[in-house]
Amino acid sequence: MSSFDEVLKAVFPFLDGTDLASCMAVCKQWREIAKDDYFWKCLCARRWPSICKRPNSFRVTYYKLYQTFHRRQQRQALLPPRLCFEDLEFFIDMWTEDNLIFSEVVPGPILEAGIKNLPPGVSEGIRLHLDCPQYKMTLPVEPRFTVAFSQNLTVSVLARRKDSDRVACIINNSDFGYTDRTSNRFMAYEYLDFSPLYPFISNTRAWISLLFMDKDQNEGVIDVFGIEVDFCDAANSKEEVLWLLDMLDWK
Amino acid sequence: MSSSPPPSSAAASPSCPKKMIALRSSDGETFEIEEAAALQSKTLENMIDEDCAGTPIPLPNVTGKILAKVVEFCSKHAEPGVDDESLRAWDAEFVNVEQATVFDYILAANFLEIPTLLNLTCNVVADMIRGKTPDEIRKFFNIKSIFSPEEEEEVRRENHWAFE
């Protein structure tokens with residue numbers, strides 16, 4: 001019915017992008033007409049009049065241009081991470097004064113698996129903290145060790161990735177200085193160093209926490225049953241953590 | 001006080017307000033329209049300039065029924081001293097007709113290049129489409145969708161960006 005085609009061609013320039021997109025889904029005839037890039041060019045010209053000054057500079061159709069930019073994108077889904085826990089191992093060392101109190105190479109999958117069974121006697125606060133959805137890597141410490149708040153406790157964490165056989169620093173040298181009494185954690189942090197491929201990223205910290213039993217804390221001594229590593233400033237899902245690790249300055 | 005000379009009665013004078021243009025519809029009807037009204041149509045404007053004096057201008061794309069209304073529209077819009085509000089009300093009445101007639105008006109306005117009429121009539125149809133889902137549009141215009149289920153799915157995926 002070609003005269004109706006003419007009617008549609010006259011009417012379509014009066015529609016906005018959403019309505020024109022609806023027209024494309026009505027039937028084959030409407031779709032054939034509505035997908036003509038001319039109408040989308042008109043929409044683009046209304047939306048961004050300056051593009052008329054460069055008529056042939058876009059390598060995509062005006063349809064695609066309008067579709068992509070007519071509205072700010074919602075937060076994009078993260079691309080699949082290039083790194084997986086199987087590729088990683090972590091070198092964790094802790095000292096009080098000059099005594100090495102913890103020194104282990106922890107394979108990625110162990111941190112990924114977390115602490116399966118919390119020992120009896122841990123506080124509700126820790127359970128709540130570990131259950132909340134913000135992603136965290138934990139590992140059980142067996143046998144447990146004790147630490148006094150008065151001792152200067154320091155930590156360093158390096159990571160190695162097997163896919164490229166490179167090493168990055170997660171924590172160079174940091175003091176444990178902050179106690180979260182609600183979740184029974186004794187914490188240290190350090191700002192991460194990212195690869196030069198990712199400038200402008202700052203203010204993202206690696207946090208390492210000693211998880212301790214809920215005994216009498218007034219003694220100033222804690223009984224550590226687990227270690228937690230998280231990047232709560234920026235990465236709160238497993239994929240985000242893997243991306244963050246991928247972006248470190250691997251050398 | 002000197003008397004002004006009598007106005008020229010030459011039909012060719014552009015200041016003469018009553019110059020009539022003759023139009024012939026596809027089905028042989030003839031209509032007369034004032035030049036001022038006819039100039040609202042770019043198509044007619046071009047033809048008048050070419051000085052087809054006297055003989056009715058043939059309009060093979062427009063029937064008499066529609067041409068009568070188009071002449072009425074153009075004459076109204078060429079009338080001096082009509083305020084915007086009453087003109088708008090008149091326009092609303094003008095398009096208060098069957099769907100099929102509005103479509104005919106669009107085709108005529110398109111062919112004759114009458115921006116005011118095109119604007120008015122296209123907006124009427126655009127309003128029928130605005131805000132409706134594809135399904136609602138189909139129902140309104142009584143269209144049978146001839147997409148296969150796969151095409152239907154592809155089309156839905158293709159357009160989801162507009163409805164996020």
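The figures here come from the full heavy-atom set of this structure, side chains too, leaving out hydrogens, waters and symmetry mates. In what follows, chains carry the letters A, B, and so on, assigned in the order in which the sequence lines appear, proteins first and then strands, with residues in each chain numbered from 1.
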Within 6.0 Å of NZ in K162(A), more than 12 heavy atoms from elsewhere: yes
Side chain, backbone, both or neither of I129(B) within contact of chain A (heavy atoms, under 4.5 Å): both
Which atoms of N119(B) are under 4.5 Å from chain A, going by heavy atoms: the side chain, the backbone, both sets, or neither? both
Backbone N or O of A25(A) within a donor-acceptor pair of the R156(B) side chain at under 3.5 Å? no
Using a strict 4.0 Å threshold on nitrogen-to-oxygen distance, state whether R31(A) and E151(B) make a salt bridge. no
Please tell me if the side chains of W161(B) and H70(A) come closer than 4.5 Å, counting only heavy atoms from C-beta onward. yes
Under the side chain to side chain contact (heavy atoms under 4.5 Å, CB included) criterion, do F111(B) and E6(A) qualify, and how do the steps go? CA-CA 10 Å; F111(B) 170 66; E6(A) 293 303 313; over 6 Å; no
Are more than 12 heavy atoms, taken from residues, nucleotides or ligands other than F69(A), located less than 6.0 Å from that residue's CZ atom? no
How about K64(A): does its NZ atom have over 12 heavy atoms from other parts shown lying under 6.0 Å from it? no
Any side-chain heavy-atom pair of W30(A) and I143(B) under 4.5 Å: yes
Considering only heavy atoms from C-beta outward, does the side chain of N159(B) approach that of S22(A) to under 4.5 Å? no
Would you say the side-chain atoms of D19(A) pair up with the backbone N or O of R130(B), donor to acceptor, closer than 3.5 Å? no
Heavy-atom count check: over 12 atoms from other residues, nucleotides or ligands less than 6.0 Å from Y38(A) OH? no
